[in-house]
Amino acid sequence: MGRVQGKIAIVTGAASDPGLGRTTAMTLAREGAKLVVTDVDAKGAEDCAQKIRDAGGEAIALHQDVTSEEVWQQVIAKTIETYGRLDILVNNAGIAVLKLLDDLSLDDWNRQINVNLTSVFLGCKYAVPEMRKAGGGSIVNLSSVAGLIGLKSCIAYSASKGGVRLMTKSLALELGQDQIRCNSVHPGVIWTNMQSGARQGSKEVGQAMAAGLPLGRLGEPEDIANCILYLASDESNYVTGAEFTVDAGMTAM
Ligand code: NAD
C-alpha cells in the first residue's frame, strides 16, 4: 500500500522541470494518489500527467491560471467529475519577482501578490467544500524561507509568502472542526527552474551560495516532495497549522 493510496490530489504549478510541483505530483502518484496536475503551461502539465501514467499511475492535466476564480471553480468541478472526491490540495504554483524597492512597480507588486497569495486563498476557498463532503482533507501551501525572514530583493515575494504562512494558520483554526488540516512548507535553496532563474542559470552560483548553509549544499525537489508527502498522508493526521522549514538549516542561523 502506498502512503497516500487512493487519495485524490490537486497539485498546481506542476509543469516546471525541474520543479517542486512536478516532483511532488510524481511522488504522490508513486505513493498511490490519483492526480490532477495544473499549470499555466498546459503542455508541461500534460507532460507531467503523461509521465505519471507511463509509470503506472493515474493523472489528468488541466490548464489553469491560479489567479482566476472562475478557473479554480472549473478545476475543482473537473476533479470531482473525474474522481468523485478531493482529499489533498498542494498550492505550489508561484513566481518570484525579485526587485529592489526603487525598481518594484505597482504592477510587479500586484502580480506577485495575485500569483502567490490570492491564488492560495482561491484554491482553499473552492477546495474546502469538497473536502468537507469527503470528511476531511489536507491542504499544503508552499511558502518559503522568505516567509519567515527578511531577504534582499524579496519585498513583494516575502509579503506574499509571509501572507501564505499566516493564512495557513488561520485556516487551520477554522477548518480543524472539519478534520481539514492546513500546513505550510518553507523551502530554502532548492534547485528548480525558479532557483536557476534567480542564479543566472548557473548551478555553480547556487552551490556557492548554499555552501554557507549548515548542510552546505543545494536542495533537490525530492527534499520538498518528501515533506509534502508526509503532510498529505495520514501519517501527519495530528499536524495542522504548522510550518515546516526544509532549508538546510538556513533559518536556524
Ligand atoms: P518553478 O518556477 O520551477 O515552477 C513554478 C510553476 O508554477 C511553473 O510550472 C509555472 O508555470 C507555474 N506558474 C506560474 N504562475 C502560474 C499561474 N499564474 N498559474 C498557474 N501556474 C503558474 O518554481 P519552483 O521552484 O518549483 O517553486 C514552486 C513553489 O515553491 C513556488 O511557490 C515557490 O515560490 C516556492 N519556493 C521555491 C523555492 C526554491 O528554492 N525552488 C524556495 C522557496 C519557495
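Ligands are counted one by one from 1 in listed order, and the atoms in each one are counted from 1 as well.
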Is the closest side-chain donor-acceptor distance between E222 and N226 under 3.5 Å? no
Please determine, by modelled atom types, if D108 and S105 share a side-chain donor-acceptor pair under 3.5 angstrom. yes
If I take atom CZ from residue R53 and atom CD from residue E58, how far apart are they, to the nearest 0.5 angstrom? 10.0 Å
Ligand 1: protein residues within heavy-atom distance under 4.0 Å: G13, A15, S16, P18, G19, L20, D39, V40, Q64, D65, V66, N92, A93, G94, I95, V115, L142, S143, S144, Y157, K161, P187, G188, V189, I190, T192, N193, M194, Q195
Indicate yes or no: does K7 engage D234 in a salt bridge with an N to O separation below 4.0 Å. yes
Residue from T245, T192, L142, V145 passing side-chain contact (heavy atoms from CB on, under 4.5 Å) with P187: L142
Verify the neighbour count for atom CD of E174: are there more than 12 heavy atoms of other residues, nucleotides or ligands below 6.0 Å? no
